[in-house]
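Note that these values count all heavy atoms, side chains included, but never hydrogens, waters or copies made by symmetry. Being a predicted model, the structure only gives us computed values, none of them experimental.
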Amino acid sequence: MAKQKLTAGEVIAIYLEKRGVEHIYGVPGAAILPTYDAIKERTNIKSYVVRHEQTGAFMADGYSRATGKVGVCAATSGPGGTNFLTGLYGAWMDSIPMIALTGQQKSTLIGTMQFQEAPIVEMARPVTKAAYILKDGSKVAELIHEAWETATTGRKGPVLIDLPVDQQKIVVEVDLDELIGSSQPEVLPQATDEEIQQVLELLAKAKKPVVISGGGVNLANATAELKELVETIEVPVVTTGMGMDTFPNDHRLFAGRMGTMLDTPFGNKTILESDLIINLGGRFADRSTGHVEIFKRDATIIHVNIDRKELGKVVETELGVVSDVKSFMVKLAQTYKQLGAGVAATAEAGAKIDLTEERKKHARKQDYETLPIRPERALKELREFLDRDAFASHDCGISQIWSCQLFETYVPRSYLLTGGAGTMGWGLGAAMAAKLAFPERQSVNILGDGSLGMSLQDLATAAKHDIPIIVFVMNNSLLGLIRQQQNWFYDERQISTDLIYKNELCDNEERGIDFVKTAAGMGVRGELVTHYDEIKPALQRAVDSGKPYLIEVVVDPTAVCGFSNNGTLKGFEYSEK
């Protein structure tokens, strides 16, 4: 492609399309219109308008998690940009590559407090991998190229580009193919032969080793390598919150999930009884560790992470390895095979571990037959109905904890979770983006009524763009997790966690919002479910409709999360509770 004259907005639009971007999510406004116009006139990128800019950021984030590609969102200046901040923060916490484009006042007026002017770059810097402003439209090609490389290399993350409206109109001469072709293959850090040898030596001494699979395994697209490695060395796998879907939950080597809340009893038991822990792509975040004192015991810890700053930051390690987790696992498996079976002391040579029955033995109860519906039973019915590769997106709160403890996952990048940020209202956008990326797969947003109140307006986005997701809201008319903590830690002093009010305009006076009727007002079909036997038929009707569908499941407001630390949140213990 020879050089051609383009406006700066056209450069951005065409560059993104050449990089494989198919969707852009957001809300146009005056200050971003030159770029939006270029997207329409010069590309085949599909633009999806949302009802709140925050949802646009959540969709870009969810798209990236589901596909492994870069999600893109766009908004106007001022409040449009500031409404992106929560979404950027969530992507930054979980190392998700995405690009946010914001409009800005004319460059000559910046700093004079003009209409919808905000210092979005300064606001975004603490919660992005990088934040730029296009000061000179003639440098737009270099800027968008740098932003893309920043978002997608090393430890990935979100990038914001602020675009003064006048600079978007500047005409430049550029060869975008040459620019993209100038990208060099990324050179990722690799484990040394000596480090691999150290790992093998520690494995040889171990009696009960365990692998922790973190979110970095998904980010490195290394789930196949993880399976190959653990089947080679015969070591159980425990997943973190962000690693929920990195390993099939029905695999014979799957021990469960670890943590203070997002755990399974057998997962914690396996960690606590281990004498060697190999953390692959995890961060030892607080939801996984609780008090880190629990790791200061006889167990030896190996920590593998692409980011050197993560090693030893939370938990002291015997061996910290700065490496891309994919290459580390490939090299370790290959070296193990070259040395022959039996390096690890987990079993006799040729023996295979099968944790299936032990995992079932320690599983939490789900087959409740009481009414109102227990959340555990609701999730059991949902998981049994859905396909193995269905997307399940989550908001934060008690619904997320129930799901993390009970909902099995089998396919990488199918369990979409707001991890570090823990954002209520996040999952609807993620579910829509996943469905748009993979129309043939089911996509369900599992959430509570508190979270739905924070994303409710974007049911209209699902209706407008005809995105056939399922919104599975477990309604206990509470901010359930916070009510539970008030009861446990504040002597049942309850304040502002009761969402019930008398709704005289609907027939559900005991619950306040009638989500089914509200959804219908936006063009989304739905139904109310009050018995567990009604859940699967409702789900079937949702799928058969081929339309966005809301299922409001009335669940027991007295049900609480079972924590593996006996509800104290002060430690990391194994318990059957």
Side-chain angles (χ1 to χ4, degrees), residues 261-262 364-383 392-407 417-418 422-428 431 444-456 459 470-490 492-503 506-519 526-536 538-539 549-563 567 569 577:
M261 290 183 281
L262 313 184
R364 287 185 171 90
K365 179 179 174 62
Q366 284 192 264
D367 57 350
Y368 292 96
E369 295 183 351
T370 55
L371 295 174
I373 304 169
R374 289 277 301 204
E376 299 95 328
R377 182 62 185 265
L379 288 167
K380 178 179 185 292
E381 298 294 319
L382 176 63
R383 177 65 274 185
S393 72
H394 301 78
D395 294 63
C396 197
I398 201 167
S399 62
Q400 183 198 73
I401 295 172
W402 279 321
S403 177
C404 288
Q405 292 179 349
L406 300 167
F407 192 95
L417 191 71
T418 166
T423 311
M424 296 174 71
W426 183 87
L428 178 60
V444 57
N445 178 203
I446 302 170
L447 76 170
D449 53 297
S451 286
L452 184 54
M454 298 193 182
S455 59
L456 191 57
L459 290 177
I470 299 172
V471 179
F472 192 83
V473 54
M474 294 187 288
N475 188 354
N476 59 7
S477 298
L478 293 169
L479 296 177
L481 182 59
I482 307 308
R483 168 62 65 87
Q484 183 170 323
Q485 293 189 21
Q486 288 172 344
N487 289 343
W488 282 0
F489 309 137
Y490 297 90
E492 298 185 1
R493 296 191 297 274
Q494 301 164 357
I495 177 173
S496 296
T497 48
D498 184 343
L499 301 180
I500 300 172
Y501 62 92
K502 188 173 183 179
N503 186 346
C506 297
D507 57 4
N508 65 345
E509 296 181 7
E510 296 180 356
R511 292 193 310 281
I513 296 176
D514 187 324
F515 287 110
V516 174
K517 288 186 177 180
T518 303
E527 59 184 283
L528 182 70
V529 169
T530 58
H531 195 287
Y532 48 83
D533 286 342
E534 300 170 352
I535 293 176
K536 285 175 183 170
L539 288 165
Y549 206 98
L550 182 143
I551 300 174
E552 182 179 353
V553 184
V554 179
V555 298
D556 186 351
T558 67
V560 297
C561 298
F563 295 155
L569 294 181
K577 184 174 180 181

- For side chain to side chain contact (heavy atoms under 4.5 Å, CB included), just list the numbers for Leu539 and Tyr549, CA-CA rounded to whole Å, side-chain angles, deciding distance to a tenth of an Å, and then say yes or no. CA-CA 9 Å; Leu539 288 165; Tyr549 206 98; over 6 Å; no

- Heavy atoms, side chains only, cut-off 4.5 Å: are Leu371 and Thr530 in contact? no

- Test salt bridge (Lys or Arg N to Asp or Glu O under 4.0 Å) applied to Glu534 - qualifying residues, sequence neighbours left out: none

- Query: Should Val473 and Ile551 count as side-chain neighbours, where that means a heavy-atom distance under 4.5 Å?
  - Reply: no

- Message: Within this structure, what is the CD1-CD1 distance for the pair Ile513 and Ile500, rounded to the nearest 0.5 Å?
- Response: 12.0 Å

- Task: Kindly give the heavy-atom pair with the smallest separation between Val553 and Ala378, and that separation in Å.
- Result: CG1-CB, 4.3 Å

- Message: Restricting to non-hydrogen atoms, name the atom on Ile398 and the atom on Gln484 that form the minimum distance, rounded to 0.1 Å.
- Response: CD1-OE1, 3.3 Å

- Reported CD-to-CG distance for the pair Gln405 and Leu262, which is rounded to 0.5 angstrom: 7.5 Å

- Message: Please check this pair: side chain of Ser403 against backbone of Ser399, looking for a donor-acceptor N/O pair closer than 3.5 Å.
- Response: no

- Message: Determine whether a donor-acceptor pair (N or O, by modelled atom type, separation under 3.5 Å) exists between the side chain of Asn503 and the backbone of Gly512.
- Response: yes

- Heavy-atom pair with the smallest gap, counting every atom of Gly425 and Ser455: O-CB, 3.6 Å

- Rounded to the nearest 0.5 angstrom, the CD1-CD1 distance for Ile495 and Ile482 is 13.0 Å

- Query: Which distance, rounded to the nearest 0.5 Å, do you find between the OG of Ser393 and the CZ of Phe472?
  - Reply: 13.0 Å

- Which atom pair, heavy atoms only, marks the closest approach of Gln486 to Thr497? OE1-OG1, 3.0 Å

- Query: Can you find a pair of side-chain heavy atoms, one from Ile373 and one from Tyr368, that are under 4.5 Å apart?
  - Reply: no

- Return the set of residues passing side chain to side chain contact (heavy atoms under 4.5 Å, CB included) with Thr423 (not counting sequence neighbours), or none when no residue passes. Phe58, Thr86, Thr418, Ala421, Trp426

- CG (Leu528) and CG (Asp514) are apart, to the nearest 0.5 Å, by 7.5 Å

- Beyond-backbone contact of Cys561 with Met261, side-chain heavy atoms, under 4.5 angstrom: no

- Task: Taking the side chain as every heavy atom from C-beta outward, state whether Asn476 and Asp556 have any atom pair closer than 4.5 Å.
- Result: no

- Task: Please report the closest heavy-atom contact between Leu478 and Pro557, naming both atoms and the distance.
- Result: CD1-O, 3.6 Å

- Message: How long is the straight-line distance from CG of Leu481 back to CD1 of Ile401, given to the nearest 0.5 Å?
- Response: 4.5 Å

- Task: Would you please name every residue forming a salt bridge (Lys or Arg N to Asp or Glu O under 4.0 Å) with Asp533, sequence neighbours left out?
- Result: none

- Message: Using modelled atom types and a 3.5 Å cut-off, is there a donor and acceptor pairing between side-chain atoms of Asn445 and backbone atoms of Leu428?
- Response: yes

- Heavy-atom distance under 4.5 Å between the side chains of Leu452 and Leu550, does that happen here? yes

- Ala392: what forms a side chain to side chain contact (heavy atoms under 4.5 Å, CB included) with it, not counting sequence neighbours? His394, Phe407, Tyr415, Val444, Ile446

- Pairing residues for Leu406 by the side chain to side chain contact (heavy atoms under 4.5 Å, CB included) criterion, not counting sequence neighbours: Arg364, Gln366, Glu376, Leu379

- Task: Examine the side chains of Gln400 and Asp395 and answer whether a donor and an acceptor come within less than 3.5 Å of each other.
- Result: no

- Query: Is Arg374 close to Tyr532 at the side-chain level, that is, under 4.5 Å between some pair of heavy atoms?
  - Reply: no

- All side chain to side chain contact (heavy atoms under 4.5 Å, CB included) counterparts of Met424, not counting sequence neighbours: Cys396, Ser451, Met454, Leu479

- What is the minimum heavy-atom distance between Lys517 and Cys506, and which atoms define it? CD-SG, 4.1 Å

